[in-house]
Amino acid sequence: MALHASERLMLDPQDRTAPEDCTAMIAGMAADARAAALQLARLSTEQRRAGLCHAAQALRTAGPAILAANAEDMARAEAAGLSGALLDRLRLDEARIAVMAAGVAMVATLPDPVGQVIDTAERPNGLQLSRVRVPIGVIGIIYESRPNVTADAAALCVMAGNAAILRGGSEARASNAAIHQAFRAGLAAAGLPEAAVQQVATTDRAAVGAMLAAQGAIDLVVPRGGKGLVARVQAEARVPVLAHLDGINHVFVHASADRDMARAIVVNAKMRRTGVCGAMETLLIDAAFPHPAQLVQALTNAGCTVRGDARVGAISAVASAKPDDWDTEYLDAICSVAIVDGLDGALAHIARHSSGHTDAIVAEDNGAADRFLAEVDSAIVLWNASTQFADGGEFGLGAEIGIATGRLHARGPVALEALTTYKWIGRGTGQVRG
């Protein structure tokens, strides 16, 4: 299938679009998306499932084209000097495309939240009330670096009955276009409206502003990216925002922790993939843990640069941590390490510095673990497990649009249920209010 004009435009690195043109473009896309969302709302669960199964197969078939597009992005990114962690986020290979397609197919198998009855009640006058899950409508997703988000977001939105307007980062423009092209072809093959998943046709940032100002046309915006992107979205949005903040994630190794388990979890949490939002950025070690130097050494042996506080510096030859290290999402093979005075010290540090994303404790003491799980106010709190499990797929949700760190509407991995709202339905027999 030939690239549409919008996709050719996305591949143009010199693209500059006037703000007024962006506004008109987003308005047109939103109108098409609204019409597609109404069509999706009339489709059965099985029809939406079929659309995603076709999309998954289309992604597999388009694997060579997607890899070729990704090679273009990688060449540009390397020439621009992107960090190793950002290059890892951007890179696709056959295995990652297979995982991407499998994620879309898995979303198709998940329970459909649309139409789910949350609860029911009967009023004294006989009026029957129920709360029923319904799609949100038109969802705008603004994201950076990771091309797999194109498929994940599209699959989740469609399965939950929503139309999606995707605006990916310029560094992944060729990859995103190829993935979107395949996904759209899959929807069309199953008879679903192609406008259910649209990709913004310009890499100019004015398009982001137009999306954020599209009050009444776009129902929800989900930003997925770094601090700068999220800060801009929150500052400018006239549309409701489901925020995904940075992942300043902690692992606390309690005095009771098993040494080998602690070492394995710490290394995996930091080094499995340093560029993901679930990566550990700060290691906290209980002053009573008998093997602190071994944990630091395990990180350095794995290729991690350690920045420690004075107590860590007294046991290991590491760089000294600066005050802003405790509030930094490195997304790289760098980790800040502190020795704290027991559980109270760890809880106090996390309360001051955590971004509310994911925090973990390694402990054999059940009481300490239970207190940590109860008192750490983060979207995801783990016991004896790596923070790298902070992922919708690992939670059995098929995929995710991001990890919501706020307290309203959704928290943690944003998947199908989080992409619905509800309405009240009342069934009467002629009741009137006196």
- [ ] Would you give the length of the straight line joining atom CD of Glu281 to atom CD1 of Ile334, rounded to the nearest 0.5 angstrom?
- [x] 9.0 Å
- [ ] Give me the ring orientation class for His254 and Phe252: parallel if the planes are under 30° apart, tilted from 30 to 60°, perpendicular past 60°.
- [x] perpendicular
Task: Polar contact flag, side-chain donor to acceptor under 3.5 angstrom, Asp325-Ser336 - done: no
Task: Spatial distance of atom CG (Leu59) from atom NE2 (His180) [nearest 0.5 Å] - done: 11.5 Å
Task: Separation of His349 NE2 from Leu284 CG (nearest 0.5 Å) - done: 5.0 Å
Task: Side chain Arg34, main chain Ala217, donor-acceptor under 3.5 Å - done: yes
Task: Spacing of CG belonging to Asp73 relative to CZ belonging to Arg173, to within rounding of 0.5 Å - done: 7.0 Å
Open item on the list: Tell me whether Gln198 contacts the main-chain N or O of Met29 through its side chain, where contact means a donor paired with an acceptor under 3.5 Å.
Closed with: yes
Task: Backbone N/O of Val132 and side chain of Lys423: donor-acceptor pair under 3.5 Å - done: no
TODO: Please confirm whether the backbone N or O of Leu90 pairs with a side-chain atom of Glu171, one donor and one acceptor, at under 3.5 Å?
DONE: no
Task: Tyr422 backbone acceptor or donor facing Arg131 side chain under 3.5 Å - done: no
Task: Spacing of Arg96 atom CZ and Asn70 atom CG [to the nearest 0.5 Å] - done: 9.0 Å
Task: Interatomic distance, Asp258 atom CG to Glu364 atom CD [nearest 0.5 angstrom] - done: 5.5 Å
- [ ] Would you confirm whether Asp359, through its side chain, and Val376, through its main-chain N or O, come within 3.5 Å as a donor-acceptor pair?
- [x] no
Open item on the list: Salt bridge or not between Asp344 and Arg371? Use side-chain N to carboxylate O under 4.0 Å.
Closed with: yes
